[in-house]
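Following: one structure in structure tokens, then a few remarks.
Reminder, nothing fancy here: chain letters follow the sequence lines and each chain counts from 1.
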There are 2 protein chains.
Amino acid sequence: MTMPAIKTKKNISKKAVITEKASELFKQKGYNATSMRHLAEAVGVEAASLYNHIDSKASILHEICFRVADAFNENLDEVEKSSQNALTKIERILRFHIRMMIDRYDEIYVANHDWKHLEEPGLTEFLNHRRNYEKRMAAIIEAGVKKNELRSIEPHVAVLVLLSAVRGIEFWQRNKRNISAAELEENMILHLTGGLKKQ
Amino acid sequence: MTMPAIKTKKNISKKAVITEKASELFKQKGYNATSMRHLAEAVGVEAASLYNHIDSKASILHEICFRVADAFNENLDEVEKSSQNALTKIERILRFHIRMMIDRYDEIYVANHDWKHLEEPGLTEFLNHRRNYEKRMAAIIEAGVKKNELRSIEPHVAVLVLLSAVRGIEFWQRNKRNISAAELEENMILHLTGGLKKQ
DNA sequence: CCTACCGATCGGTAGG
DNA sequence: CCTACCGATCGGTAGG
């Protein structure tokens, strides 16, 4: 008799290590420049052994990208459900993005940079996720402008500015200066919502 | 007797075609995922023939990245020389970035995404260029804050927000909606400088 | 500018 | 989880 429960548990845990190391390497070198042999070395096994835990190199990227997408979608669901005003909603979304960029940097970086190498149908699905997310954010801003809560600004441009500004935390990650994560967050919120508020 | 003048002219022009096609392909697929055989096909020759015009795949990436870096540095030189106030200087820099993102999108995209694959010493040189550029921008903002022209904001965070927000034009390039380039530019400036102005 | 070809490395499999 | 190995593809060179 085998012991399926324990075997499963072991596999999951090793798979988690592989995904984590892959996130690190993909972030450092990029998806294509990271070979399964590099990854195997980082994990501490031979390349062939990785395939006992994962299906393919592509499947690792798929898992990283969609885990990230799911986290952002869940947060947006919650924000949408609330009855706060538009500026508060946007601020909540921004704070979530900023914290994800700080706490789960490797995964986020990979999802932002290497989604292009997803295989179909994952690629299309991922892009649909993203387009949908941007539309929902734009709708929040549009409602705020209509209610005269926000400065009159083109909602899609505002979304583009907000989402990419937050990605700029990559600069901060590269050389974490004297600024703390909290200080970074407050200054970003100040700058970005300052451009949305009515003067 | 050979005719060196004409021969040189021919080589330069073919090299320009190679660089242009490479920018396009690197943008679409990424540097590593673009093979010299793909590039040769796009140019209309066999892969081996490319090497009559360029030294290596790496040298193409080098040329793209440094051509971009030089353009931004030249503009910043000009802005610094002027005696305008801080907000005007920042606005001029932003408008230049926005127009570069629109007019020379392929090159800029490659410089932003694939600089990581530059070979040393190019990689270090490129990163120094960038760090220097960010410092000079931060100095402009810092001076504006001190002179009480700008809202009190951490200058390095402001630079990070501004430079990455502008990169968000990638979203716009992916699905150029109903918004014109001019409308995009004015809305971005409104949003980003709105967060810098004193209320 | 081409044909022919090089050594290196890739993702992945067979079999134990 | 390993050894041994596969076909495919890579950047680049020799020689004409």
Any idea which of [options] is nearest the [X] side chain?
X	options	value
A:His38	D:dG11, C:dC10, C:dC1	C:dC10
A:Asn52	D:dC10, D:dC1, C:dC10	D:dC1
B:Ser49	D:dC1, C:dC1, D:dG12	C:dC1
A:His53	D:dG11, D:dC1, C:dC10	D:dC1
A:Val45	D:dG11, C:dC1, D:dC1	D:dC1
B:Arg37	D:dC10, C:dC10, D:dC2	D:dC10
B:Ala48	C:dC10, C:dC2, D:dA4	C:dC2

How long is the line joining [atom1] of [X] and [atom2] of [N], in whole Å?
X	N	atom1	atom2	answer
B:Asn32	D:dG11	CG	P	9 Å
A:His117	C:dG11	NE2	C1'	15 Å
B:Leu25	D:dG11	CG	P	12 Å
B:Lys29	D:dT9	NZ	P	13 Å
B:Tyr51	D:dT13	OH	P	7 Å
B:Glu41	D:dG11	CD	P	14 Å
A:Leu61	C:dG11	CG	C1'	15 Å
A:Glu46	C:dT13	CD	P	17 Å

Practice problem: Name the residue closer to the 5' end of DNA chain D, choosing between A:Ala47 and B:Ala33 according to the nucleotide with the nearest heavy atom. | Solution: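 It is A:Ala47, whose closest nucleotide lies nearer the 5' terminus.
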
Quiz item: Which base sits across from C:dG12 as a Watson-Crick or G-U pair, both distances under 3.5 Å?
Solution: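 D:dC5 - that is the nucleotide pairing with C:dG12, both distances being under 3.5 Å.
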
Check your understanding: Looking only at side-chain N and O atoms, does B:Ser35 come under 4.0 Å of OP1 or OP2 in D:dC10?
Key -> yes

Can a side chain N or O of A:Lys14 be found less than 4.0 Å away from OP1 or OP2 on D:dC1?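 Answer is yes, contact under 4.0 Å.
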
Strictly under 6.0 Å, is that where the ring centroids of A:Tyr31 and A:His38 end up?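 Between A:His38 and A:Tyr31, which both carry aromatic rings, the centre distance is not below 6.0 Å.
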
Does the ring center of A:Phe96 lie less than 6.0 Å from the ring center of A:Phe72?
yes

Q) For A:Ser82 and A:Glu78, does a side-chain donor sit closer than 3.5 Å to a side-chain acceptor? A)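 No - no donor-acceptor pair under 3.5 Å links their side chains.
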
Review point. Can you find a side-chain donor-acceptor pair between B:Ser49 and B:Asn52 that sits under 3.5 Å?
Key: no

How would you label the contact of B:Ser59 with the nucleic acid (heavy atoms, under 4.0 Å): base, sugar-phosphate, or nothing?
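Nothing, no nucleic acid heavy atom in range.
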
On the 0 to 90° scale, with breaks at 30° and 60°, tag the B:Tyr105-B:Tyr109 ring pair as parallel, tilted or perpendicular.
perpendicular

